[in-house]
Trainee: 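One structure is given below, represented as structure tokens, and several questions about it will come after.
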Amino acid sequence: MKIVLITGSEGFVGSHLVDALQEDLFKIVPTCFPPLMPKNRTCIPLDILSRKMTMEVMKDHEPDTIVHLAAISSVSKSFRDPLLTYNTNVLGTAHVLEAARHLKKKIQFIYISSCEVYGGGSDIKESADLRLVNSYAVSKRAAELVCTDYAMGYGIDCVIVRPFTHTGHGQSVDFVLPTIAAQVVEIEKKKKPPLIELGNVEATREFMDVRDIVQAYRLAVAKCEAGTIYNVSSG
């Protein structure tokens, strides 16, 4: 039975992915950042900033596939704390890859990057150039390069996936649609004036449902070719 280890399974997408992959004939190893351990399901503690802890978790569970979701995933948070963003998204990814290369088996590594590496905008095509306009985008691109290094140097089968904007049940108010919804609720309860506060209101985004996103990740585990970058989008 294939063992699939998911980092960041306590997160918005991670929790949906665990549910989706449980439909397949895999043994799922969900790992979670210790301060955010969910109360309603079993999860393996993992802080990817601890190299020792990461090595121990990989050694204990010996996955065949790693889906690496654990990250600082908010652009706004990357502005507030770029150092934490770089540490988590780049060094944390290197720790997971380093632990994977010490396993005495062939590893499939699915790295969840981001469309932010294209810098936003409309009419983004498959051939679009990269445009790194914030710390989050820089960290994601740097982590992609770390994946490429471990693929070339140590034979890990790395697949890079760049999902475009998605939303759904359980997303935090660090993201645009949940923050709008939360403000509407406060306005309706008369807890704030009838004014919705946002950042850049000129940005255009096409939103996908998180349930479709995790189906793409299932396909990545089953079908995607190592050494390839895949965009996950609907338009």
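Given the structure is predicted, the values throughout are model-derived calculations rather than measurements. In what follows, every heavy atom counts, from backbone to side chain, and hydrogens, waters and symmetry copies are set aside.
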Trainee: Is it the case that over 12 heavy atoms from other parts of the model lie below 6.0 angstrom from the CE atom of Met152?
Mentor: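 Counting other residues, nucleotides and ligands, CE of Met152 stays at 12 neighbours or fewer.
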Trainee: Can you tell me which residue among Val4, Val29, Ile3 is in a side-chain contact (heavy atoms from CB on, under 4.5 Å) with Thr65?
Mentor: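 When side-chain contact (heavy atoms from CB on, under 4.5 Å) is applied between Thr65 and each of Val4, Val29, Ile3, only Val4 qualifies.
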Trainee: Please answer: with hydrophobic residues joined when any side-chain heavy atoms are less than 4.5 Å apart, are Met208 and Ile124 in the same cluster?
Mentor: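 Yes: a chain of side-chain contacts under 4.5 Å links Met208 to Ile124.
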Trainee: Kindly give the heavy-atom pair with the smallest separation between Pro163 and Tyr217, and that separation in Å.
Mentor: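 Heavy atoms of Pro163 and Tyr217 come nearest at CG-OH, 3.3 Å.
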Trainee: Quick one: closest heavy-atom pair of Thr7 and Ala70, and the distance?
Mentor: OG1-N, 3.0 Å
Trainee: Roughly how far, to the nearest 0.5 Å, is the CG atom of Leu17 from the CD1 atom of Ile110?
Mentor: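 Those atoms lie 10.0 Å apart.
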Trainee: Using every non-hydrogen atom in the two residues, find where Ile156 and Ala100 come nearest and quote the distance to one decimal.
Mentor: CD1-CB, 4.2 Å
Trainee: Hydrophobic cluster mates of Leu83, side-chain heavy atoms under 4.5 angstrom, ILVMFWY only, any path?
Mentor: none
Trainee: Taking ring-ring contact (aromatic ring centres under 6.0 Å, His included) as the test, write out the residues that go with Tyr154, two or more places apart.
Mentor: Tyr150
Trainee: Are any side-chain N or O atoms of Thr148 and backbone N or O atoms of Glu144, one a donor and one an acceptor, separated by less than 3.5 Å?
Mentor: yes
Trainee: If I take atom OG from residue Ser114 and atom CD1 from residue Ile160, how far apart are they, to the nearest 0.5 angstrom?
Mentor: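 Going from OG on Ser114 over to CD1 on Ile160, the span is 12.5 Å.
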Trainee: Please answer: with hydrophobic residues joined when any side-chain heavy atoms are less than 4.5 Å apart, are Val210 and Phe164 in the same cluster?
Mentor: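 In one cluster with Val210: Phe164, yes.
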Trainee: Going by salt bridge (Lys or Arg N to Asp or Glu O under 4.0 Å), name the residues that satisfy it together with Glu10, two or more places apart in sequence or in a different chain.
Mentor: none
Trainee: How about Val161 and Val159: do any of their side-chain heavy atoms sit closer than 4.5 Å?
Mentor: yes
Trainee: Quick one about Asp64 and Gln108 (side-chain donor to acceptor, distance below 3.5 Å, no hydrogens or angles considered), yes or no?
Mentor: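 Distance-only check fails for Gln108 and Asp64.
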Trainee: Please determine whether residues Val214 and Phe26 belong to a single hydrophobic cluster, defined as Ile, Leu, Val, Met, Phe, Trp and Tyr linked transitively by side-chain heavy-atom distances below 4.5 Å.
Mentor: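 Hydrophobic grouping puts Val214 with Phe26.
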Trainee: To the nearest 0.5 Å, how far apart are CG in Leu145 and NZ in Lys140?
Mentor: 13.0 Å
Trainee: Can you see which heavy atom on Pro63 is nearest to which on Leu5, and at what distance?
Mentor: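 That would be CB-CB, 3.7 Å.
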Trainee: Might you work through the side-chain contact (heavy atoms from CB on, under 4.5 Å) test for Val117 and Val138, ending with a clear yes or no?
Mentor: CA-CA 7 Å; Val117 299; Val138 171; over 6 Å; no
Trainee: Please answer whether the main-chain N or O of Tyr86 pairs with a side-chain N or O of Ser139 as donor and acceptor at a distance below 3.5 Å.
Mentor: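 Here the side-chain-to-backbone pair does not exist.
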Trainee: What pairs with Asp81 under salt bridge (Lys or Arg N to Asp or Glu O under 4.0 Å), at least two apart in sequence or on another chain?
Mentor: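 Asp81: no salt bridge (Lys or Arg N to Asp or Glu O under 4.0 Å) contacts found.
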Trainee: From Met53 CE over to Ile44 CD1, what is the distance, rounded to the nearest 0.5 angstrom?
Mentor: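 Here the interatomic distance stands at 9.5 Å.
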Trainee: Any salt bridge (charged side-chain N to carboxylate O under 4.0 Å, His left out) involving residues 25-50? Give me the pairs, sequence neighbours left out, ordered by first then second residue.
Mentor: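 The answer is none; no pair qualifies.
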Trainee: Can you check side-chain contact (heavy atoms from CB on, under 4.5 Å) on Cys147 and Phe109, steps first, answer last?
Mentor: CA-CA 8 Å; Cys147 291; Phe109 188 85; 3.7 Å; yes
Trainee: Using the test salt bridge (Lys or Arg N to Asp or Glu O under 4.0 Å), find all partners of Arg218 that sit at least two apart in sequence or belong to another chain.
Mentor: Glu23, Asp24
Trainee: Closest heavy-atom contact between Thr85 and Ser135?
Mentor: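 The answer is CG2-O, 4.2 Å.
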Trainee: For the hydrophobic clusters of this structure (ILVMFWY residues joined by side-chain heavy atoms under 4.5 Å, transitively), does one cluster hold both Leu69 and Leu97?
Mentor: no
Trainee: Do Ile112 and Leu130 sit in one hydrophobic cluster, given that two such residues count as connected whenever their side-chain heavy atoms are within less than 4.5 Å of each other, even indirectly?
Mentor: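 They do share one cluster, since a chain of ILVMFWY contacts under 4.5 Å joins Ile112 to Leu130.
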Trainee: May I ask you to list the residues sharing a hydrophobic cluster with Phe33, side-chain cutoff 4.5 Å, ordered by chain and number?
Mentor: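 Noted: Phe33 shares its cluster with Leu36.
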Trainee: Check whether any side-chain N or O of Lys59 sits under 3.5 Å from a backbone N or O of Thr54 as a donor-acceptor pair, and report yes or no.
Mentor: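 Side chain of Lys59 to backbone of Thr54, a donor-acceptor pair under 3.5 Å: no, none is there.
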Trainee: Please list all pairs passing the disulfide (SG to SG under 2.5 Å) test where one or both residues lie in residues 3-66, with sequence neighbours left out.
Mentor: Cys32-Cys43
Trainee: Do Ser9 side-chain atoms and Thr31 backbone N/O form a donor-acceptor pair below 3.5 Å?
Mentor: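 Yes, Ser9 side chain to Thr31 backbone: donor-acceptor pair under 3.5 Å.
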Trainee: Do any side-chain atoms of residues 220-235 form donor-acceptor pairs under 3.5 angstrom with protein atoms, and if so which ones, sequence neighbours left out?
Mentor:
unit_1, atom_1, unit_2, atom_2, d
Thr228, OG1, Glu225, O, 3.2
Tyr230, OH, Glu225, N, 2.9
Asn231, OD1, Tyr118, OH, 2.9
Asn231, ND2, Tyr118, OH, 3.3
Asn231, ND2, Glu126, OE1, 3.0
Ser234, OG, Glu206, OE1, 3.1

Trainee: Just do the side-chain contact (heavy atoms from CB on, under 4.5 Å) check on Lys105 and Ile107 with the steps written out, would you?
Mentor: CA-CA 6 Å; Lys105 63 195 305 185; Ile107 300 294; 3.7 Å; yes
Trainee: Without swapping roles, check the side chain of His95 against the backbone of Ile48 for a donor-acceptor pair under 3.5 Å.
Mentor: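 Pair found, side chain donor or acceptor close to backbone of Ile48.
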Trainee: Report yes if some heavy atom in the side chain of Ile6 is under 4.5 Å from a heavy atom in the side chain of Leu21; otherwise report no.
Mentor: yes
Trainee: How would you list, by chain and number, every residue that makes a ring-ring contact (aromatic ring centres under 6.0 Å, His included) with Tyr111, sequence neighbours excluded?
Mentor: His68
Trainee: Output the distance between atom CE (Met1) and atom CD1 (Ile28), rounded to the nearest 0.5 Å.
Mentor: 9.5 Å
Trainee: Are there over 12 heavy-atom neighbours, none belonging to Asp60, within less than 6.0 Å of that residue's CG?
Mentor: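 Yes - once you tally the heavy atoms of other residues, nucleotides and ligands closer than 6.0 Å, there are more than 12.
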Trainee: Quick one: hydrophobic cluster around Leu84, which other residues, with the 4.5 Å side-chain cut-off, linked directly or via members?
Mentor: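 Besides Leu84, the hydrophobic cluster comprises Ile72, listed by chain and residue number.
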Trainee: Who passes salt bridge (Lys or Arg N to Asp or Glu O under 4.0 Å) against Glu98, sequence neighbours left out?
Mentor: Arg51, Arg101
Trainee: Indicate the atoms forming the closest heavy-atom contact of Ala99 with Met58, along with that distance.
Mentor: CB-CG, 3.4 Å
Trainee: Taking everything shown except Lys52 itself, do over 12 heavy atoms lie less than 6.0 Å from its NZ?
Mentor: no
Trainee: Do Ile213 and Gln215 have side chains that get closer than 4.5 Å, going by heavy atoms?
Mentor: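 They are not in side-chain contact.
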Trainee: Out of curiosity, Leu103 CG to His61 NE2, how far, rounded to the nearest 0.5 Å?
Mentor: 11.5 Å
Trainee: Determine whether a donor-acceptor pair (N or O, by modelled atom type, separation under 3.5 Å) exists between the side chain of Lys192 and the backbone of Leu195.
Mentor: yes
